[in-house]
Amino acid sequence: MISAELESLARTGGLGDVVEALSLALAELGLDVLVVTPLYGVTRLPSLTTRWPERVTARWGWGPSDVRRLGIVETEPVRFASGGVRRVALLDDPELFGRDGIYGDRRGPFDDNALRFAVMSRGGLEVAERVWPGGPDVIHAHDWHATFAVLYARLVMGPRWARIPSVLTVHNLQFQGVLDESWLDRLHLPRAAYRPEVLWHEGRVNLMKGATAHADRITTVSPTYAREILGAEEGCGLALHLRAHADKLVGILNGIDLARWDPRTDGAIAARFDEHTAKAQRPVDKLALEKELGLDPRAGPLFGLVARLSWQKGLDLLLPLLPELVNRGARFAVVGEGDRGFEEQLAYLAAAHPGRIAARIAFDPALARRVYAGSDFFLVPSRFEPCGLTQMYAMRYGAIPVVTDVGGLHDTVDPIVGARASETGTGIVAARVATDAVHAACLAAMRLHADGRPLERAVVRAMKRAGAFGWTDPAAKYRRSYEGLVARRRAPAASGRSA
Ligand code: GLC
């Protein structure tokens, strides 16, 4: 597996969570999994690591000296009773990766990201070759950063690599790796592939397009998102292209790591609980959260939000509603960082409504857990959401999600129909992606809160439902996918394919 993020080492969002948990779950099923990721300046290295005695050479361009010599740092392998093992190799290239951020720093995105991730991808394949002479059974690339791995293996590294099946997981189609044509020659990408069915898109190089053309399997992180990206809006310009490849596209819903996200054992929260003790214990967590964030402890509902503060997450739909909802008695606990404009707006709202709106402009995983445990409702008003993990974490911790009806939110939250006295459903679902619909959903949440008992029952239902969000089933689906591809490659005649 090749990924720019791995939760335990360096992460900015769900990508890191998923690659971490999926790689472990696959190993638990008995697979030999190697994850390759860069060693950034911000990587949190565990104390136990080993450095490979030799460096690995990664070619990134056509010129004789267009190579990087990468140091390899490996963390302790995780071994399972099944015989499976998960190894993690970090690529050490201080000049390219040893910086104060994964994709960028306070001054903005790094302008050599294409080169950095080309080196990550090629380095990943070279490391795999050392671990498994002859190459891996399957290459699994995550998001646009790792698309180079699919392209290099299929197009430039020779027939042996071209035969190795590849899976590309699209965690977010909004980010496609779009480059000027000049990068083509600089990054070891063949000119012959610069055509509309592969790398060419509207006059530029589009890595996502090229890799989706060449991958044997394209997965997205929820079934609904897999359908949505075939449409104009969520297709982000690639809908027609993806439709031509729809036969190899599949949506596999992400899981969450149920052992690491468990309110019965979580050391970051004030009071631990399960679905039977939630009623008694969650108020303790709520009060502690209010104290920590300087919110007035009041009887009214507390809405939590933990997110990258970006357009995708629907902040512009939600933020204008806050003053009015505060007037009706709601309070808000917001944790996250992101677009400067949203950060400033939130700081302003918090200053204008002390005790009612708290904003921690930070990436703070421990505080996030206290928000899940202490909020009555958890807001995810996304414009689009490939899967979304926070609504699942929130449900696991008994906060009722208030969501838009898109992507993975559609697949994980069952609507509490007509909030009042309803006995089904695990969350409040806005009818449309629009401010008035989000407003109506928040009001429905407040009514549910005022009713008391139905909310308590919804909390129990949400917690129970979340207990089924583990990784075992999704990992088994990925494994079946791998096995199908390997079998097909071994019997090319039967499938009519040639490598
Ligand atoms: C991206 C998507 C998010 C998904 C995550 C993990 O961050 O925006 O919806 O849950 O990847 O797949």
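Ligands are counted one by one from 1 in listed order, and the atoms in each one are counted from 1 as well. Just so it is clear, the model here is predicted, and its values are computed rather than measured.
Looking at Lys313 next to ligand 1, no N or O pair under 3.5 Å apart turns up. Checked by distance only, ligand 1 and Val221 stay at 3.5 Å or farther apart across all their nitrogen or oxygen atoms.
Counting heavy atoms from C-beta on, the side chains of Lys248 and Asp216 never come closer than 4.5 Å. Side-chain contact check for Trp183 versus Leu189: every heavy-atom pair is 4.5 Å or farther apart. Side-chain contact check for Tyr393 versus Asp17: some heavy-atom pair is nearer than 4.5 Å.
In the vicinity of Asn254, heavy-atom distances shorter than 4.0 Å reach the ligand 1 atoms 6 (C), 10 (O), 12 (O). Which parts of ligand 1 touch Val18 is read off a 4.0 Å heavy-atom cut-off, strictly below it: atoms 6 (C), 12 (O). When each atom of ligand 1 is checked for a heavy atom of Asn172 under 4.0 Å away, the hits are 8 (O).
Between Asp316 and Arg383, at least one side-chain nitrogen of the basic residue sits less than 4.0 Å from a carboxylate oxygen of the acidic one, meeting the salt-bridge criterion.
Nearest-residue assignment for atom 3 (C) of ligand 1 (options Gln312, Glu385, Met392; heavy-atom criterion): Glu385.
For an aromatic pair to be called close, the ring centres must be under 6.0 Å apart, and His188 with Phe148 fails this.
Within the 4.0 Å heavy-atom cutoff, Gly388 counts among the residues contacting ligand 1.
Using modelled atom types, one side-chain atom of Glu5 and one backbone atom of Thr12 make a donor-acceptor pair closer than 3.5 Å.
Protein heavy atom at the shortest distance from atom 11 (O) of ligand 1 is His171 CB, 3.4 Å.
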